[in-house]
Amino acid sequence: EDDPPPSMLLKDYQNVPGIEKVDDVVKRLLSLEMANKKEMLKIKKEQLMSKVVENPKDTSSLEARIVSLTVKIRSYEEHMQKHRKDKAHKRYLLMSIDQRQKMLKNLRKTNYPVFEKTCKELGIEYTFPPPYHRKVHRRLATKKALCIRVYQEVQKLKKQKRALKTAAAAAQKQDQRNPESPSEARPEAIKETQ
């Protein structure tokens, strides 16, 4: 990632006349090293804007909004690395990712070359969403498992039924070929089927 150097002055103080003559301690206080998270994100956003967007002042275009969301997503990811159990930020992260996905989809439809450039510059790998996605709940998973088990049992019963029918047909053919007394033929046919 292209992080700005920590010795770089904040944007508000870069164009102040005579800033070069100031003491090192004051420069350090006005640099990115002592900046808060919001100011750091602002500078990262400006850097990415200058790479991706043609007019960096334009913040309403689709590419600009994608850039700002990407910066936000990366900051949420950093936060989640430190605080794994923070459910609220995890939710914000997932919502931002979904929102960016929608914007990328829209940009892809409207302006493909800009979409490719944006993805390349931001390092985003665009994956196509599935045509239909149904969230799997425990009830649905249990129902599906039950249906599969019932289907397997029915298939097993059908197979046994077919085996009994073929055995009965074979016994009947044998009875037609070898006409014996019916009382002797019956117990053998029953033993074979069991």
Side-chain angles (χ1 to χ4, degrees), residues 1 41 48 51-52 60-194:
E1 229 181 285
L41 290 179
L48 286 175
K51 278 185 185 177
V52 176
S60 62
S61 68
L62 210 50
E63 313 93 84
R65 286 187 287 162
I66 289 169
V67 167
S68 63
L69 266 174
T70 302
V71 170
K72 201 188 282 188
I73 286 168
R74 287 181 184 162
S75 84
Y76 286 148
E77 284 173 345
E78 283 175 24
H79 179 81
M80 290 304 296
Q81 290 291 324
K82 293 175 191 167
H83 312 282
R84 293 183 187 277
K85 294 190 176 184
D86 191 347
K87 303 291 184 202
H89 272 82
K90 186 174 184 179
R91 182 171 164 267
Y92 300 148
L93 172 68
L94 294 174
M95 282 166 49
S96 300
I97 289 172
D98 287 345
Q99 196 175 358
R100 183 179 70 178
Q101 189 80 5
K102 283 179 189 174
M103 286 182 183
L104 282 169
K105 183 179 173 185
N106 194 359
L107 183 64
R108 186 174 180 273
K109 281 181 187 175
T110 55
N111 196 347
Y112 192 77
V114 174
F115 163 79
E116 275 191 335
K117 182 188 171 197
T118 306
C119 286
K120 185 181 172 191
E121 290 294 332
L122 297 177
I124 298 171
E125 194 173 308
Y126 182 78
T127 53
F128 294 99
Y132 174 73
H133 175 69
R134 184 174 180 185
K135 201 170 186 181
V136 179
H137 297 286
R138 194 180 300 155
R139 187 187 305 159
L140 180 69
T142 313
K143 185 178 176 183
K144 194 172 184 180
L146 177 70
C147 289
I148 289 170
R149 202 178 312 139
V150 167
Y151 176 76
Q152 288 171 345
E153 288 295 322
V154 167
Q155 293 301 318
K156 205 184 289 182
L157 288 172
K158 282 182 180 177
K159 194 175 181 183
Q160 287 175 351
K161 215 176 208 180
R162 269 188 253 120
L164 284 172
K165 276 186 179 178
T166 53
Q172 204 173 25
K173 280 185 181 178
Q174 198 174 10
D175 283 347
Q176 288 175 356
R177 288 183 192 158
N178 304 332
E180 294 178 16
S181 64
S183 59
E184 290 177 7
R186 282 271 188 215
E188 289 174 4
I190 293 170
K191 283 180 187 175
E192 284 177 19
T193 57
Q194 290 176 353

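Screening Ile148, Leu146, Leu140 for a side chain to side chain contact (heavy atoms under 4.5 Å, CB included) with Lys144, the sole residue that qualifies is Ile148.
By the neighbour-count criterion of 12 heavy atoms within 6.0 Å, atom CD of Glu77 is densely surrounded, having more than that number from other residues, nucleotides or ligands.
Using cut-offs of 30° and 60° for the angle between ring planes, the His83 and His79 rings count as tilted. Between Tyr76 and His89, the ring planes are perpendicular. Angles over 60° get that label, and only those under 30° would be called parallel.
The closest donor-acceptor contact from the side chain of Lys90 to the backbone of Lys85 lies at 3.5 Å or more, if one exists at all. Proximity of a side-chain donor or acceptor of Gln101 to a complementary backbone N or O of Thr127 within less than 3.5 Å is detected.
The minimum heavy-atom distance linking Arg65 with Ser60 is given by the pair NE-O, 3.4 Å. Of all non-hydrogen atoms in Glu121 and Val52, the two that sit nearest each other are CB-CG2, 3.6 Å. Taking each heavy atom of Met103 and Leu62 in turn, the nearest pair found is O-CD2, 3.8 Å. Nearest heavy atoms, Thr70 versus Arg100: OG1-NH1, 3.3 Å. Thr166 and Ala163 make their closest contact through OG1-O, 2.8 Å (heavy atoms, listed as atom of the first residue, atom of the second, distance).
In this structure, Glu153 and Lys156 have side chains that are in contact, with non-hydrogen atoms separated by less than 4.5 Å.
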